Amino acid sequence: MPELPEVEIVRTGLESYLKDQVVKKITSFRPNLRYPLPHFSGLTGQRLLTIRRRSKYLLFEFSGKSGESNLLVWHLGMTGQFHVLPHDAQAAAHEHVRFDFCSGLSLRYRDARRFGYAGLMPLSSWSQHPWYLSLGVEPLEENFSLDSLLGSCKGRKAPIKTVVMDASVVVGVGNIYASESLFLAGIHPKRAAGRISKERLAMLVVSIKQTLLAAIEAGGSSISDFVQVDGKPGYFAHAFNVYGRDGQLCLRCGSIIKRIVQAGRSSFYCSGCQH
DNA sequence: CTGAAGACCTGCCTGC
DNA sequence: TGCAGGCAGGTCTTCA
């Protein structure tokens with residue numbers, strides 16, 4: 001479901017409803033998602049201080065007990081959703097965890113495919129955690145730049161699409177926004193990363209930042225099951241130039257949009273604009 | 001080391 | 001109508 005813009009939309013939505021709320025009870029309805037779920041009982045009585053984001057991880061910081069905050073780290077996988085509802089709202093299909101807050105609000109986690117996962121740790125452990133250590137730069141920060149991308153592409157024969165989706169290079173760029181960014185930069189998804197000029201890589205850096213920011217502005221992309229925490233859809237899908245448009249005409253040059261498979265994922269590109 | 005392919009899961013859409 | 005096959009926003013493991 002979610003790439004960086006969708007996770008960011010979820011983060012701001014959750015924070016607006018749940019910041020400073022105190023946990024009454026957390027219940028999990030199964031022992032695991034992708035990995036075993038942590039034991040949530042220690043969070044009872046703690047206050048939710050902030051919700052941050054790193055890559056596609058949501059980071060819930062709770063007040064803790066003995067001075068140090070607890071960090072709940074949550075990845076939505078492909079189909080994970082958080083919804084804020086009243087306590088007495090009925091559980092939907094595939095609801096796996098519920099957080100009841102003292103205010104009467106209830107945070108529900110639903111995930112049909114169960115590719116999502118979560119971990120609970122002292123705040124200070126996060127920066128040593130394997131999930132954290134494997135992450136590359138944030139695309140919307142200044143350290144994602146021509147220099148950083150140039151360094152990651154140098155000598156690599158892998159197609160640029162898979163390099164851009166590699167979270168150890170730059171985080172948060174998933175299958176949709178990789179295709180959309182490459183379209184804006186005019187680069188063919190199969191082009192070997194190490195054989196793209198500096199000028200064109202500079203375009204790509206700008207395109208990635210623009211694409212992600214525009215998607216956040218639009219409230220994320222709703223293809224089939226992304227919804228915001230209040231159940232409203234995102235609208236960026238209406239602005240796709242290539243994703244899901246194979247067989248249709250390019251809005252810029254009129255050529256046919258094509259679909260190919262790379263590393264097991266669909267890539268969409270304009271046969272006229274991208275080379 | 002690199003890159004490709006398979007695996008994890010369920011639901012939905014298409015075509016026969 | 002029913003059913004098989006393909007496809008889906010992510011990431012980890014395995015294999016060549």
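So you know, we letter chains A, B, ... as the sequences are listed, proteins then strands, and number each from 1. Remember, predicted model here, so these are calculated numbers, not experimental data. The basis for the numbers below is simple: all heavy atoms, side chains too, and nothing from hydrogens, waters or symmetry mates.
- Taking a pair as Watson-Crick or G-U wobble with both distances under 3.5 Å, DNA chain C forms stems of 3 or more consecutive pairs at B:2-8 with C:10-16, B:10-16 with C:2-8.
- Comparing Gly155(A) and Arg113(A), the nucleotide of DNA chain B nearest to each residue sits closer to the 5' end for Gly155(A).
- The C1' atoms of dC1(B) and dG10(C) are separated by 24 Å, rounded to the nearest whole Å.
- Counting to the nearest Å, the C1' atom of dA4(B) and the CD atom of Gln262(A) are 12 Å from each other.
- Proximity of Tyr35(A) to the phosphate of dT11(C): no side-chain N or O atom is located under 4.0 Å from OP1 or OP2.
- With hydrogens and angles ignored, no donor-acceptor pair closer than 3.5 Å exists between the side chain of Arg114(A) and the base of dC9(B).
- Distance CD1 (Ile260(A)) to P (dA5(B)): 12 Å, rounded to an integer number of Å.
- By the 4.5 Å heavy-atom criterion applied to side chains, Val242(A) and Gln274(A) are counted as neighbours.
- Regarding contacts with the backbone of dT11(C), a side-chain N or O of Lys56(A) is found under 4.0 angstrom from either OP1 or OP2.
- No hydrogens or angles considered: a donor-acceptor pair under 3.5 Å links the side chains of Gln262(A) and Ser267(A).
- The number of heavy-atom neighbours closer than 6.0 Å to CZ of Arg195(A), taken from other residues, nucleotides and ligands shown, is 12 or below.
- Put simply, CZ on Arg110(A) is 17 Å from P on dT10(B), counting in whole angstrom units.
- Between the side chain of Arg34(A) and the base of dT11(C), at least one donor-acceptor pair of N or O atoms lies under 3.5 Å.
- The interatomic distance linking Lys157(A) (NZ) with dT2(B) (C1') rounds to 9 Å, in whole Å.
- Using C1' as the reference atom, dG3(B) and dG9(C) are 23 Å apart when rounded to the nearest Å.
- Atom NE2 of His94(A) is separated from atom P of dA8(C) by 19 Å (rounded to the nearest Å).
- Taking atom P in both dC9(B) and dC3(C), one finds a spacing of 24 Å when rounded to whole Å.
- For Phe115(A) and dC8(B), the ring-to-base geometry satisfies the stacking test (centroid distance below 5.5 Å, interplanar angle below 30°).
- Note: the hydrophobic cluster containing Leu123(A) does not contain Ile51(A) (ILVMFWY, side chain heavy atoms under 4.5 Å, direct or indirect links).
- With dG3(B), dG11(B), dA8(C) as the candidates, the nucleotide lying closest to the side chain of Ala158(A) is dG3(B).
- When each of dT11(C), dG3(B), dG9(C) is scored by its nearest atom to the side-chain atoms of His75(A), the top-ranked nucleotide is dT11(C).
- When heavy atoms are screened at a 4.0 angstrom cut-off, Gly174(A) is found touching the sugar-phosphate backbone but no base atom.
- At least one side-chain nitrogen or oxygen of Ser266(A) sits closer than 4.0 Å to the OP1 or OP2 atom of dA8(C).
- The aromatic rings of Tyr132(A) and Trp126(A) stand perpendicular to each other, their planes meeting at an angle above 60°, with 30° marking the opposite boundary.
- Looking at heavy-atom distances under 4.0 Å, Tyr117(A) makes contact with sugar-phosphate atoms alone, never a base.
- Protein atom CG of Leu135(A) is 14 Å distant from nucleotide atom C1' of dC12(C), rounded to whole Å.
- One hydrophobic cluster holds both Phe40(A) and Phe101(A) under the rule that ILVMFWY side chains link at heavy-atom gaps under 4.5 Å.
- Using modelled atom types, one finds no donor on one side chain facing an acceptor on the other under 3.5 Å when comparing Thr79(A) with Arg113(A).
- To the nearest 0.5 Å, the span separating CD1 on Ile187(A) from SG on Cys273(A) amounts to 13.0 Å.
- Ala112(A) comes within contact range of the sugar-phosphate backbone alone, with a heavy-atom separation under 4.0 Å but no base atom that close.
- Both tests do not hold together for Arg245(A) against Phe240(A): distance to the six-membered ring centre under 6.0 Å, angle to the ring axis within 45°.
- Going from atom CD1 of Ile176(A) over to atom P of dA8(C) covers 10 Å, rounded to whole Å.
- Within the nucleic acid shown, Arg259(A) comes within 4.0 Å of sugar-phosphate atoms alone, with no base atom in reach, counting heavy atoms only.
- What separates CZ of Arg265(A) from P of dC7(C) is a distance of 13 Å, to the nearest Å.
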